[in-house]
Amino acid sequence: QVQLVESGGALVQPGGSLRLSCAVSGSRFSSYAMAWYRQAPGKQRELVARISTGGIINCADSVKGRFTISRDNAKNTVYLQMNSLKPEDTAVYYCNADRFDVSDRYRRNYWGQGTQVTVSS
């Protein structure tokens, strides 16, 4: 069983920085693609950034150049470094793990509980 525990959410001023962490329990962490999503009040959940098992990174256009996703397989942890934060970055940020097994053709997908990020003066 895979469990994701997020931390690092806080109140920060515009232009500030914040680093979110997602600690993953269970086996086969290195076989999961990891991602960060966010959901602002009244809006749909959106993909922020994703990193594949091979280290390929995809980011939303709204955060390119400001946010960086990374993973440490030795620590079973994925990070989201957020710089130059804007008020529109305010949202609940969710960690996600995703894996598709070719052998049994089964997709495994897990979510964290979310952590609040508020960008305000």
Side-chain angles (χ1 to χ4, degrees):
Q1 184 178 5
V2 176
Q3 293 183 335
L4 287 68
V5 180
E6 299 153 328
S7 62
L11 171 65
V12 63
Q13 294 185 345
S17 298
L18 206 60
R19 189 179 77 161
L20 306 182
S21 298
C22 176
V24 181
S25 64
S27 62
R28 303 291 296 172
F29 173 79
S30 61
S31 69
Y32 285 88
M34 301 298 301
W36 288 95
Y37 290 76
R38 68 185 181 186
Q39 186 168 22
K43 300 184 67 176
Q44 298 184 56
R45 187 173 301 185
E46 64 175 350
L47 174 67
V48 177
R50 180 170 59 88
I51 183 168
S52 74
T53 57
I56 300 174
I57 296 173
N58 293 315
C59 294
D61 289 339
S62 60
V63 306
K64 286 182 178 178
R66 299 188 299 119
F67 291 10
T68 302
I69 188 172
S70 62
R71 65 190 298 160
D72 188 337
N73 289 343
K75 297 181 178 180
N76 284 16
T77 302
V78 62
Y79 305 94
L80 184 66
Q81 179 65 48
M82 303 183 293
N83 300 323
S84 302
L85 284 162
K86 305 175 180 179
E88 51 263 43
D89 294 320
T90 297
V92 177
Y93 284 71
Y94 298 90
C95 184
N96 174 266
D98 187 86
R99 177 166 68 98
F100 180 79
D101 290 329
V102 177
S103 60
D104 59 10
R105 300 178 182 178
Y106 182 74
R107 185 180 184 182
R108 295 168 171 82
N109 189 267
Y110 305 91
W111 291 91
Q113 80 287 352
T115 184
Q116 177 70 49
V117 173
T118 302
V119 184
S120 178
S121 299

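All heavy atoms count here, side chains included; hydrogens, waters and symmetry mates do not.
- Side-chain atoms of Glu6 come within 3.5 Å of backbone N or O of Gly114 as a donor-acceptor pair.
- Using a 4.5 Å cut-off on side-chain heavy atoms (C-beta onward), Ser120 and Leu11 make contact.
- For residues 7-24, the set of pairs meeting the side chain to side chain donor-acceptor pair (under 3.5 Å) definition, not counting sequence neighbours, comprises Ser17-Asn83.
- When atom types are taken as modelled, the side chain of Gln3 and the backbone of Gly26 share no donor-acceptor pair closer than 3.5 angstrom.
- For Val12, the side-chain contact (heavy atoms from CB on, under 4.5 Å) partners are Leu85, Val119, not counting sequence neighbours.
- In this structure, CZ on Arg71 lies 10.5 Å from OG1 on Thr77, to the nearest 0.5 angstrom.
- The disulfide (SG to SG under 2.5 Å) analysis of residues 25-65, with sequence neighbours excluded, yields no pairs.
- The two residues Cys95 and Val78 have their closest heavy-atom pair at SG-CG1, 3.6 Å.
- Atom OG1 of Thr68 is separated from atom CD1 of Ile57 by 7.5 Å, given to the nearest 0.5 angstrom.
- Hydrophobic cluster membership differs between Tyr37 and Val24, with clusters built from Ile, Leu, Val, Met, Phe, Trp and Tyr side chains linked at under 4.5 angstrom.
- Residues in residues 55-66 take part in these salt bridge (charged side-chain N to carboxylate O under 4.0 Å, His left out) pairs, two or more places apart or across chains: Asp61-Lys64, Arg66-Asp89.
- Side chains of Phe100 and Arg105 form a contact here, defined as non-hydrogen atoms less than 4.5 Å apart.
- Considering only heavy atoms from C-beta on, Leu4 stays 4.5 Å or farther from Tyr94 through its side chain.
- Two residues are said to be in side-chain contact when any heavy atoms from C-beta on lie closer than 4.5 Å; Trp36 and Met82 fail this criterion.
- If you take CZ on Phe67 and CG on Leu20, they are separated by 8.5 Å, rounding to the nearest 0.5 Å.
- With respect to Arg38, the side-chain contact (heavy atoms from CB on, under 4.5 Å) criterion is satisfied by exactly one of Val63, Val117, Val92, Leu80: Val63.
- For residues 48-59, no residue pair satisfies the side chain to side chain donor-acceptor pair (under 3.5 Å) rule, not counting sequence neighbours.
- In this structure, the side-chain contact (heavy atoms from CB on, under 4.5 Å) partners of Arg28, at least two apart in sequence or on a different chain, are Ser31, Tyr32.
- To the nearest 0.5 Å, atom OG of residue Ser30 and atom CG of residue Asp72 are 11.5 Å apart.
- In terms of hydrophobic clustering, with Ile, Leu, Val, Met, Phe, Trp and Tyr side chains grouped at heavy-atom distances under 4.5 Å, Ile51 and Val2 are assigned to a common cluster.
- Distance CD/Gln81 to CD1/Ile69: 12.0 Å, rounded to 0.5 Å.
- With contacts defined as side-chain heavy-atom distances shorter than 4.5 Å, the pair Arg99/Tyr110 does not qualify.
- Of all non-hydrogen atoms in Ala91 and Ala40, the two that sit nearest each other are CB-N, 3.8 Å.
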